[in-house]
Amino acid sequence: MNWENSTLDMGRSETFRTARDLSGPARGTTSGRHERMAKSSKLSKDDWLYRLRHSLSHIMAQAVLEIRPGARLGFGPPVENGFYYDFLLDEPVSDAEFLDLEQRMRRIIAENQKFERALRPVAESLCFLEDRRQPLKVEYAQDLARRGESSLSFYRNGPFEDMCEGPHLESTGEVPENCFRLDSVAGAYWRGSEKNAMLSRIYGLAFPSAADLQRFLERRDLAKERDHRKLGQLLGIFTFDDDVGRGLPLWLPNGTTVRDELEALAREVEFRGGYQRVTTPHITKGGLYRLSGHLSHYKDSMFPPMHISDEDEDEDYYLKPMNCPHHHKIYASRPRSYRELPLRLAEFGVVYRYERSGQCAGLLRVRGMCQNDSHIYLANEQVKEEVKRVLELHRVYYEMFRLKDYWIRLSLRAPDSEKYVGQADLWELSEKVVREVLQELAIPFVEELGEAAFYGPKIDFQMQTLLGREETAATTQLDFVMAERFGLEFTDRDGQKRRPYIIHRAPLGTHERFLSYLLEHLNGAFPTWLAPVHVRILPVSEKFLGYAARLRAELVQDLFRAELDEGNERLNKKVLEAVTHKIPNLFVVGGRDQEGGTVSWRRYCRGNEQKVVRFEDARGILRTLRAGRVMDNFPDVAVPGW
RNA sequence: GCUGCUGUAGCUCAGUGGUAGAGCGCGUCCUUGGUAAGGACGAGGUCAUGGGUUCAACCCCCAUCAGCAGCUCCA
């Protein structure tokens, strides 16, 4: 890509998307953010399905009160795929009781209880809720009253009555047969704050018909097969070990191969983009993080210090949670001229963050990770152009891999929050610059307050994982604070010393998260250039082992990751084994091939399609696939010679 | 960190208060084969770890570690 002449016409690109474009793969449950997204784009209150789900949540609450009469009710809304209800319970409900609860729900449905709405004045509502010993509802009613509501809405069906906005079905009998199922029970804080009590949330699935429910369950089971944790094990990508520690993946040979290839790609892309590579240590004295502000603003996410105390030294060392301070020190290692700017320092930097124990999940959230990191030092007037180039970099990767399940977030500070450093006017300026860049490029984005880094606003690429979680896949941050803190400067054209701006950017995020994303996105089927094994050779029988071994030796000489299946098995079995492991290219060789100097080439992405090709030609095609990083895992991508 | 569930062979899982099983995988042999599982035999487990109850614990209880789902967090 020619950076100087790049037109940066991302507005016309299909690459960048908004939250609304997310199609939403099968999901069992939704996180808070997804609920926000779902609310903005999914069911409206008038939808029958909305009312069905909402009504089922009341029906479930009625059933729960039958087996736990002392249960205190929280909230019970409809959500994507179904509904939930939160309860404060004396005794926990376990999923072993779901069958019983479902039976009670079916009975309530069979009783065809009418849903009836009543409006009560606030004072009467509070009395009613106190009578029913529903302290959580009382608290909420008081809130509503403070907000100026004069009367509150209640819904009653049979013996169950709940303060609720509605709307609901006409009666419980409207619920189609077998259209719901209780799904899971999980903890949830009252009103979403961990300072509050933990309630028991029971999730249910509900769809317009039994068939829709079945379809959903099947889709969800299928999705589980694509889970990167499952694929990672199947394909020998990574593993975890209790003795090593939570959130600390061990990368197996196949996984390391994929990482190496990704790094090679990023190295080339960044070399062309004018980046220089640097390398920095994993541990660092505390002073650096006092200077950067990490110890006052990021300490909770850092591993505790290693204290060194002997006659020479009395010092705390920390595992680095970010690479930026080190890169700033490299910038500061000698005087800088405006001629050097933008100065782009890049590193596959390994950082360690102390994630709370419940947060780790496969490769998605880890405690040790490798960032595709870079810090760009530049003059004020260069900022906009450089942010555009950085976004262009994202486009290279996202288009190449056809990544689509994400949305772009402009992460701003919450103005009244204590957690940010720097002056307010500089914040406003930086936020304005970043917003303008996105607007000028016509990239769709969503602004969110309180999501900024402590030193500046961010452009985050928020990805959606297979099972519905959302994580930041890539980030670009504009930093006007650290140069000040580190005393960074450059000599400008006029001989004056000036502060550089800093852009932090990681288009591939971390290797861990990016690969988890890629594994799920590609369903483990890597293109030839990226695959742990480029080609596996399957001799039809032992008689052709010699021929097969010669081909393999030649491919290995050519630096192909070529394997030979020497197993004493029938060809059927060997094909099954290779296909199960999603190996992109199989060369089947037997007598006919040995005579003709050919291979029977079977490609994973094209099903059973295969071709007899002279070995020399096959090798040439493989070279083309590798050198051009052809995405031959996508069936519509043309492969030369095929 | 919080709530709930789970931890048995490399993997997926069954099982019982009297020290364990299947399928796949792995090894050896037979078979010498042309595109999604040929056959036989065999090796593999301190039943996550540490306590406790019991004549006896893989099973019951407690704690710890780890995983899963969710909540919260992700500055």
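Chain naming here is simple, since letters A, B, ... match the order of the sequence lines and numbering starts at 1 in each. The model shown is predicted, which means the values in this text are computed figures rather than measured ones. Computed from heavy atoms alone, side chains included, the values below leave out hydrogens, waters and symmetry copies.
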Query - Spacing of the P atoms in B/C60 and B/C5 (rounded, Å) - result: 13 Å
Under 3.5 Å, side-chain donor or acceptor atoms of residues 542-551 of chain A against the rest of the protein: list the pairs with distances, not counting sequence neighbours.
from: A/Tyr547; atom 1: OH; to: A/Asp593; atom 2: O; distance (Å): 3.4
from: A/Tyr547; atom 1: OH; to: A/Thr598; atom 2: N; distance (Å): 3.2
from: A/Tyr547; atom 1: OH; to: A/Thr598; atom 2: O; distance (Å): 2.9

**Report entry** Closest to side chain of A/Gln610, choosing from B/U35, B/G38, B/A69
**Finding:** B/U35
Query raised in the report: Is there a side-chain polar atom (N or O) of A/Arg570 under 4.0 Å from OP1 or OP2 of B/U35?
Result: no
Requested in this report: Only counting residues at least two apart or in another chain, list the ones meeting side-chain hydrogen bond (donor to acceptor under 3.5 Å, both in side chains) with A/Thr284.
Outcome: A/His326
Requested in this report: Give a yes or no on whether a donor-acceptor pair under 3.5 Å exists between the nucleobase atoms of B/G34, that is its base, and the side chain of A/Asp593.
Outcome: yes
Query raised in the report: Do A/Arg367's NZ or CZ and the ring of A/Tyr354 fall within the cation-pi criteria of under 6.0 Å and 45°?
Result: yes
Query raised in the report: So which of A/Arg485, A/His297, A/Glu484, A/Gln477 actually passes side-chain hydrogen bond (donor to acceptor under 3.5 Å, both in side chains) with A/Tyr455?
Result: A/Gln477
Query - Evaluation steps, ring pair (Phe, Tyr, Trp, His ring centres under 6.0 Å), between A/Phe83 and A/Tyr85 - result: CA-CA 7 Å; A/Phe83 57 91; A/Tyr85 213 114; 9.3 Å; no
Report summary line: Walking RNA chain B from its 5' end, the first of A/Val589 and A/Lys230 to be reached, judged by nearest nucleotide, is A/Lys230
Query - Min side-chain heavy-atom separation A/Leu429-A/Asp425 under 4.5 Å - result: no
Report task. Spell out yes or no: do the side chain of A/Arg365 and the base of B/C73 have one donor N/O and one acceptor N/O closer than 3.5 Å? Result -> yes
Requested in this report: Go along nucleotides 1-10 of chain B 5' to 3' and tag each nucleotide: B for a protein heavy atom under 4.0 Å from its base, S when only backbone or sugar atoms are that close, - otherwise.
Outcome: BBBS------
Report summary line: For RNA chain B, the dot-bracket notation using Watson-Crick and G-U wobble pairs below 3.5 Å, [ ] for pseudoknot-type crossings and | for other-strand pairs, is (((((((..((((....[..)))).(((((.......))))).....(((((..]....))))))))))))....
Report task. Check step by step if side-chain hydrogen bond (donor to acceptor under 3.5 Å, both in side chains) holds for A/Tyr140 and A/Arg191. Result -> CA-CA 9 Å; A/Tyr140 186 52; A/Arg191 309 197 75 174; 5.4 Å; no
Report task. Tell me, with the steps shown, if A/Arg365 and A/Glu471 meet salt bridge (charged side-chain N to carboxylate O under 4.0 Å, His left out). Result -> CA-CA 9 Å; A/Arg365 285 286 277 282; A/Glu471 297 279 4; 3.3 Å; yes
Query raised in the report: With a 3.5 Å cut-off and just heavy-atom distances, do the side chain of A/Ser600 and the base of B/G34 make a donor-acceptor pair?
Result: yes
**Report entry** Closest nucleotide among B/A36, B/U32, B/U35 to the A/Leu571 side chain
**Finding:** B/U35
Query raised in the report: Do A/Ser411 and A/Arg409 get their side chains close enough for a donor-acceptor pair, meaning under 3.5 Å?
Result: yes
Report summary line: Comparing A/Leu586 with A/Lys299, nearest RNA chain B nucleotide closer to 5' gives the residue A/Leu586
Requested in this report: Cation-pi check, A/Arg413 to A/Tyr420: give yes when NZ or CZ is under 6.0 Å from the six-membered ring centre and within 45° of the ring axis, no otherwise.
Outcome: no
Please enumerate all protein N or O atoms sitting under 3.5 Å from an N or O of nucleotides 60-63 of chain B, with distances to 0.1 Å.
none

**Report entry** Euclidean distance for C1', B/C65 against B/A40 (whole angstrom)
**Finding:** 43 Å
Query - Spacing between A/Gln233 atom CD and B/G67 atom C1', to the nearest angstrom - result: 12 Å
Report task. Indicate for each nucleotide in nucleotides 22-30 of chain B, in 5' to 3' sequence, whether protein heavy atoms under 4.0 Å reach the base (B), only the sugar-phosphate (S), or nothing (-). Result -> ---S----B
Query raised in the report: Counting any heavy atom closer than 4.0 Å, what does A/Ala452 reach on the DNA or RNA strands: base, sugar-phosphate only, or nothing?
Result: sugar-phosphate
Requested in this report: For A/Arg592 and B/U32, give me the distance from atom CZ to atom P, rounded to whole Å.
Outcome: 19 Å
